[in-house]
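Shown next, in structure tokens, is the structure this report addresses.
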Amino acid sequence: MTTHAPQAAQAVTLPTTLDEAVAALAAMPAAVPVAGGTDLMAAVNSGQLRPAALVGLGRISEIRGWQYQDGHALLGAGLTHARMGRPDFAALIPALAAAARAAGPPQIRNAGTLGGNIASAAPTGDALPVLAALEATLIIAGQGGARREVPVSHLLAGMEMLRAGEVIGYVRVPLLHAPQVFLKATGRTGPGRATASVALVLDPARRGVRCAVGAIAPMPLRPLEAEQWVASLIDWDNGRAIVPEALHGFGEYVAAACIPDEAPAEDGTVPPLPPAVLHLRRTVAALARRALGRALS
């Protein structure tokens, strides 16, 4: 990263397969892979990045669609937000389609890709909490045709990183055939940029609820105790019924877990949260409550 003025890339390579892209990155260690370029160009235009070379991924047809594999959908990293927002994809993974439709104005949705959203790992990336709630995994292509699988949450948390010359090829998402919801709140600045977002997925087979909160931290947050608590209150054998008080309690539980109170002072008193933080916590509570209500309705 640099603060010098941007300069044009010295070389541009346009591979047509994942293995060609990996080989190009191995041959040019300073090269930067680019698909839609929405985040890359923002960094270049602001003077934060001067790529010595680019490896364009836009001609790799194998990562621009999806296929079914052992109860999962294998999504190409080159899928654009616009493509994921279409009805046929929405029937497959509704929450991811909703996140794709909310990703910004048409020019962003037409160019931005699923793999780019993951690789840039911006806290406000709309797809990220959905992938965390779905417990998706990445198929990463490496040198010599190597492939390895990494949980998306591990990459976002920095537990496992992309190695030199590797490229995100696919995202493996379990097909639950159950209700799933994505909701977000936006501020007054930026085209649809989230101030907070919530993805919620029901898993009737395991009688579980999975929830992830995005945009409020460097990576999506999973309130595991809140998930387990509310799952125990759902009547899974009677239309997934739940009392209204549990919906409200779930929202508060999620918000408090993701935005906890301040540490107690020396005298034992707990200082109040700043107004902006308190407002954000209320926003998260409302999103979580609504998401669960919609999933159960």
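Heavy-atom basis, side chains included; hydrogens, waters and symmetry copies ignored. Because the structure is a prediction, the values reported are computed rather than measured. Residues take their numbers from the sequence shown, with the count starting at 1.
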Got a sec, which pairs hit salt bridge (charged side-chain N to carboxylate O under 4.0 Å, His left out) with one end in [range], sequence neighbours left out?
range: residues 65-81; value: none
range: residues 13-24; value: D19-R147
range: residues 248-276; value: D261-R281

TODO: Run through V130, V152, L156, L131 and flag the one making a side chain to side chain contact (heavy atoms under 4.5 Å, CB included) with P220.
DONE: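 Testing P220 for a side chain to side chain contact (heavy atoms under 4.5 Å, CB included) against V130, V152, L156, L131 leaves exactly one candidate, L156.
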Task: Member of L79, L75, V171 meeting the side chain to side chain contact (heavy atoms under 4.5 Å, CB included) criterion with L96 - done: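 That would be L75; it is the only one of L79, L75, V171 passing the side chain to side chain contact (heavy atoms under 4.5 Å, CB included) with L96.
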Would you name the heavy atoms of [X] and [Y] that are closest together and state the gap between them?
X: Q180; Y: A95; answer: OE1-N, 3.1 Å
X: A133; Y: A199; answer: CB-O, 3.9 Å
X: M161; Y: R148; answer: O-NH2, 2.9 Å
X: D88; Y: R83; answer: OD2-NH2, 2.7 Å
X: C258; Y: V213; answer: SG-CG2, 3.7 Å
X: V198; Y: A291; answer: CG1-CB, 4.1 Å

So do [Y] and [X] actually touch side chain to side chain, heavy atoms under 4.5 Å?
X: E149; Y: I140; result: no
X: P15; Y: T13; result: yes
X: E166; Y: R163; result: yes
X: V209; Y: L202; result: yes
X: V173; Y: H72; result: no
X: H177; Y: L175; result: yes
X: L233; Y: V243; result: no
X: V254; Y: L287; result: no

Lys/Arg-Asp/Glu bridge criterion (N-O < 4.0 Å) met for [X], [Y]:
X: D235; Y: R240; value: no
X: R222; Y: E227; value: yes
X: D237; Y: R207; value: yes

Task: Pairs satisfying ring pair (Phe, Tyr, Trp, His ring centres under 6.0 Å), at least one member in residues 108-153, at least two apart - done: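 Pairs touching residues 108-153 that pass the test: none.
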How many angstroms lie between [atom1] in [X] and [atom2] in [Y], if you round to the nearest 0.5 Å?
X: L138; Y: S153; atom1: CG; atom2: OG; result: 9.0 Å
X: I242; Y: L296; atom1: CD1; atom2: CG; result: 6.0 Å
X: L280; Y: R282; atom1: CG; atom2: CZ; result: 11.5 Å

Task: Shared-cluster residues of M28, by chain and number - hydrophobic side chains joined below 4.5 Å - done: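 Its cluster partners, ordered by chain and number, are L18, V22, L25, V55, L57, I60, I63, L74, I139, V167, Y170.
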Open item on the list: Would you say the ring centers of Y253 and W229 fall short of 6.0 Å from each other?
Closed with: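 Yes, ring centres under 6.0 Å apart.
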Task: Intermediate values then yes/no, side chain to side chain contact (heavy atoms under 4.5 Å, CB included), V150 and T137 - done: CA-CA 5 Å; V150 175; T137 58; over 6 Å; no
Task: Partners passing ring-ring contact (aromatic ring centres under 6.0 Å, His included) against W236 (at least two apart in sequence or in another chain) - done: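 By the ring-ring contact (aromatic ring centres under 6.0 Å, His included) rule, W236 matches no residue at all.
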TODO: Take R210 and D203 through the test side chain to side chain contact (heavy atoms under 4.5 Å, CB included) and record every step on the way to the result.
DONE: CA-CA 8 Å; R210 298 206 293 269; D203 190 347; 3.2 Å; yes
Open item on the list: Under 4.5 Å between side-chain heavy atoms, counting indirect links through other Ile/Leu/Val/Met/Phe/Trp/Tyr residues: same cluster for L292 and F182 or not?
Closed with: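 Shared cluster, no.
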Task: ILVMFWY cluster, L128 and I259 together (side-chain gap under 4.5 Å) - done: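 Different hydrophobic clusters.
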Open item on the list: With a 6.0 Å cut-off (strictly less than), is the heavy-atom count around CZ of R59, excluding the residue itself, greater than 12?
Closed with: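 Not buried by this count: 12 neighbours or fewer within 6.0 Å.
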Open item on the list: Is it the case that over 12 heavy atoms from other parts of the model lie below 6.0 angstrom from the CD atom of Q107?
Closed with: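 Yes.
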- [ ] Walk me through it: do E160 and L155 pass the test side chain to side chain contact (heavy atoms under 4.5 Å, CB included)?
- [x] CA-CA 5 Å; E160 296 187 64; L155 183 72; 5.7 Å; no
